[in-house]
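Note sheet for the following structure.
Hydrogens, waters and symmetry mates are skipped; everything else that's a heavy atom, side chains included, is used. Remember, predicted model here, so these are calculated numbers, not experimental data. Just so you know, residue 1 is the first one in the sequence shown, and it goes up from there.
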Amino acid sequence: MSRALVFLLCGVVFGAGLALSGMTDPAKVVGFLDFFGHWDPRLTATMGGAVAVAALGHWLVRRRGRALLSPDCPPSPPTRIDVRLVAGSAIFGAGWGLAGLCPAPALAVSAQNPAALVFVAGFVAGLLGISRLGGKG
């Protein structure tokens, strides 16, 4: 099976998971983030499930010594908490709370709602901006 086909399959499964869980519904996401209003905890299981699957996959790759489709092992995420991480997380969270979308659901939603492309354009502009400032983007 070619790598492109595996990547396509992973993208389809990921997109289906986003749609089935409600992550592509900005109202549902905003409800999940509204801790001091009408908090909707239903996305907690989705988040927990995603973290569990990612942790299992990361553990399996580390145990195997390389990724399934690459001779290399992907780098571990940084463990140091610094100003850049906190600032980036705050900006990401603010954007997520304001738009009700994070990057992957925004791309999924843009096929049905072209207005989501404004969010995607802002996300890409942020990535390009931080890479010009010397960040890893």
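By the 4.5 Å side-chain criterion applied to Ile, Leu, Val, Met, Phe, Trp and Tyr, Leu85 is assigned to a cluster that also includes Ile81, Val86.
Note on Met47: it clusters hydrophobically with Phe35, by side-chain heavy-atom contacts below 4.5 Å among ILVMFWY residues. The hydrophobic clustering, which links ILVMFWY residues whose side-chain heavy atoms are closer than 4.5 Å, places Trp96 and Phe123 apart. Tracing side-chain contacts under 4.5 Å through hydrophobic residues (I, L, V, M, F, W, Y), one reaches Phe36 starting from Leu43; they form part of the same cluster.
Side chain of Thr44 to backbone of Pro41: a donor-acceptor contact under 3.5 angstrom is found.
Residue-environment remark: CZ (Arg42) stays at or below the threshold of 12 foreign heavy atoms within 6.0 Å.
Of the inter-residue distances, the one linking Leu133 atom CG with Arg84 atom CZ reads 9.0 Å to the nearest 0.5 angstrom. Atom SG of residue Cys73 and atom CZ of residue Arg64 lie 10.0 Å apart, to the nearest 0.5 angstrom.
Of all heavy-atom pairs between Phe32 and Trp39, the closest is O-NE1, 2.7 Å. Taking both residues in full, the closest heavy atoms of Gly37 and Asp34 are given as N-OD1, 3.0 Å, listed atom of the first, atom of the second, then distance.
The pair Arg80-Asp82 meets the salt-bridge criterion, with a side-chain N (NZ, NE, NH1 or NH2) lying under 4.0 Å from an Asp/Glu carboxylate O.
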Throw together a table of side-chain donor-acceptor distances under 3.5 angstrom for residues 99-121, partners on residues two or more places apart or in other chains.
from: Ser110; atom 1: OG; to: Leu107; atom 2: O; distance (Å): 2.7
from: Asn113; atom 1: OD1; to: Ala115; atom 2: N; distance (Å): 3.1

Less than 3.5 Å apart, which donor and acceptor atoms pair up between the side chains of residues 6-27 and the rest of the protein, not counting sequence neighbours?
from: Ser21; atom 1: OG; to: Gly17; atom 2: O; distance (Å): 2.9
from: Ser21; atom 1: OG; to: Leu18; atom 2: O; distance (Å): 3.1
from: Ser21; atom 1: OG; to: Met23; atom 2: N; distance (Å): 3.4
from: Asp25; atom 1: OD1; to: Ala27; atom 2: N; distance (Å): 3.1

